[in-house]
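Order of appearance sets the numbers: ligands from 1, and atoms from 1 within every ligand. Residues take their numbers from the sequence shown, with the count starting at 1.
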Amino acid sequence: MSLTIKPILPRFGAEVSGVDISKPLDAATQAGILAAQNKWGVTVYRNTGLTNESHIEFSRMFGYLERVPERAGALARHKHRELFDAGNLDPAGAINRDPAAILYRKGDRLWHTDSSFMPLRSAYSLLLAHEVPSKGGETWFADTRSAYDDLPQSMKDRIENLVGEHSLWWSRKQAGAPISEEEIDARMKARHPVVHVHAGSGRKTMYVAAHMRDIVGMEREEGRKLIRELIAHATQPQYIFSVKWNVGDMVIWDNLCSMHRGGEFDSANERRDMRRTTVREAPAPDQPDDPFSELFASVPKPVDRTEKRHA
Ligand SMILES: [Fe+2]
């Protein structure tokens, strides 16, 4: 089986064809897929024929798969804990009308890297389209390696040893969620270098995202100005492209050398069912762990207003 690789931008993104990824793959084909992924950062596979099971099975060649938290709600729609729900449907499969869930999803429309708010970073995300809206709902990708390459030397020197602090709730606040700085302070955060070497390609890259709230040791407003400046730089037209989805398409992106954001669509009236596996950067843990459940456990329970009224 020989892979056909068609670049999307000169340095970033490629459509891969000539392989049936719904079937078991030999070692040479797997190596070719991984090499293409590491070189291009984002790869697009059209009309894959993948099911939940074969999606998960294919994903395992990239590494250890993250598991969704064990909790009731939108994420409990699939029995597979390896599938993150990235669409707009509720647990019963209808369009989600819960204002909190809608607001939560708005944060995904900002440029981000998946799970940068976790101490253990996510490497690859593999998103499969099950249902797509008739208009919009595309996904945009940004090339943080080339954006880093093109920075002036003075900026490379300035950010070389900086560390960013990331919080899931910071991106939600940016998207309009009513949460205070103090509430974010009280919840789980993670720190990661702003610049790192992308292991898959040996190229240096920025690791920035809408989740990045502060630069460690830098005055808050100065740090936030720098974060906005770096994200704006990396999302200029020469570094970005969008993927228009059809049912069955799979896009794999490497969170360690790219950012992405969801495109607008009529989410109140159109269904979008997207399911994602996510590969942890670190190898499989010795003991089963559950960091996403720990993350959500760090959120204080909402005040029960009924009880208060009767107190
Ligand atoms: Fe995402």
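Listed by first and then second residue, the ring pair (Phe, Tyr, Trp, His ring centres under 6.0 Å) pairs that reach into residues 21-60 are Phe58-Phe62, sequence neighbours excluded. Applying the side chain to side chain donor-acceptor pair (under 3.5 Å) test to pairs two or more places apart or on separate chains, those with a residue in residues 4-17 are Arg11-Ser146, Arg11-Asp150, Glu15-Arg46.
For an aromatic pair to be called close, the ring centres must be under 6.0 Å apart, and Trp170 with His211 fails this.
A cation-pi arrangement is absent between Arg275 and Phe84 under the rule of less than 6.0 angstrom and at most 45 degrees off the ring axis.
In this structure, His198 has no ring-ring contact (aromatic ring centres under 6.0 Å, His included) partners at least two apart in sequence or on a different chain.
The Fe ion (ligand 1) has His112 NE2, Asp114 OD1, His260 NE2 as its protein N, O or S neighbours under 2.8 Å.
No side-chain heavy atom of Tyr239 sits under 4.5 Å from any side-chain heavy atom of Phe141.
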